[in-house]
> 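This is the structure I want to talk about, given as structure tokens.
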Amino acid sequence: GGLPDDWCSSDLIVWQTTSASLNSVRGLGEKTHEAILGAVAHEAANHLLTREFEDFQIYIESLVAQSGTTRIFLSDDTQTIVAASTPGWAHRPLQSLDTQGSEHRHERELIGALGHLGTLHMDFSNAQTDAAIQQTLNRGLGIGAMGVVLSTLISLILGTVFSQCRSDR
């Protein structure tokens, strides 16, 4: 009786492969967030310099509608929100609003030749990353379960064959 020695090693391989996949997915999500933040920060700095926010307002509203971003707002050097994806936030002091971010809040200080221009605040959703992680876990569990079942079947077959050979003698 008992499980074959390769059961533990195949389980370990599945676990290591799944862990590597999860780390890869998480790292890719963070890199995507940083790339989006960098692109939006460049636009935000330009609009803070020109003090024209109408186009930026449209830009961030469309970005929230089409990406994994849940909220974007831009505050200037006086801590006044000058553009926001949340209705009613523009032209209000940063301190007067509940700007409590998600755990996936990214902020970027925007610095120009004259010093501090403002701060870009972006909240990201991890729904896509979480879905990819769940898919990876499900696949890993499926592969691991198949390995256990296959190992058990092979053990039973070999045990039966050896038992019959022994009883034939």
> Answer yes or no: is there a side-chain heavy-atom contact under 4.5 Å between Leu110 and Leu74?
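Yes, their side chains come closer than 4.5 Å.
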> Which pair of non-hydrogen atoms, one from Ala84 and one from Ala90, has the smallest distance, and what is that distance?
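Scanning both residues, the minimum pair turns out to be CB-N, 4.4 Å.
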> How close do Ala83 and Ile60 get, counting heavy atoms only, and between which atoms?
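What the structure gives for the nearest pair is C-CD1, 4.0 Å.
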> For residues Thr119 and Glu109, is any side-chain donor paired with an opposing acceptor at under 3.5 Å?
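Yes, side-chain donor-acceptor contact under 3.5 Å.
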> A quick test of your reading: do over 12 heavy atoms of other residues, nucleotides or ligands sit less than 6.0 Å from CG of Leu153?
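Enclosed: over 12 neighbouring heavy atoms sit under 6.0 Å from CG of Leu153.
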> Using the rule that two of Ile, Leu, Val, Met, Phe, Trp, Tyr join whenever any of their side-chain heavy atoms come within less than 4.5 Å, decide whether Phe53 and Ile58 are in one cluster.
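No, it is not one cluster - the side chains of Phe53 and Ile58 are not joined through contacts under 4.5 Å.
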> Find out whether Tyr59 and Val40 are in side-chain contact, i.e. whether some heavy atom of one side chain is under 4.5 Å from a heavy atom of the other.
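Tyr59 vs Val40: side chains touch.
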> Indicate yes or no for a side-chain donor-acceptor contact from His116 to the backbone of Ile111 under 3.5 Å, with no hydrogens or angles considered.
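No.
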> Does some side-chain heavy atom of Thr32 sit less than 4.5 Å from a side-chain heavy atom of Phe124?
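No, every pair of side-chain atoms sits at 4.5 Å or beyond.
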> Got a sec: does the CD of Glu54 have more than 12 other heavy atoms crowding it under 6.0 Å?
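Open: at most 12 neighbouring heavy atoms sit under 6.0 Å from CD of Glu54.
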> If I take atom CG from residue Asp77 and atom CG from residue Leu117, how far apart are they, to the nearest 0.5 angstrom?
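With rounding to 0.5 Å, CG (Asp77) is 7.5 Å from CG (Leu117).
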> I'd like to know whether Leu156 forms a side-chain contact (heavy atoms from CB on, under 4.5 Å) with Thr152, so could you lay out the CA-CA distance, the side-chain angles of the two residues, the decisive distance to 0.1 Å, and finally the verdict.
CA-CA 6 Å; Leu156 289 172; Thr152 303; 4.2 Å; yes
> Which atom names give the shortest non-hydrogen contact between Ser75 and His121, and what distance separates them?
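It is OG-NE2, 3.2 Å.
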> Should we say atom NE2 of His42 is surrounded by more than 12 heavy atoms from elsewhere, each under 6.0 Å from it?
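No, because the 6.0 Å sphere around NE2 of His42 holds 12 heavy atoms or fewer from other groups.
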> With heavy-atom distances below 4.5 Å as the criterion, would you say the side chains of Val82 and Arg51 are in contact?
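In contact.
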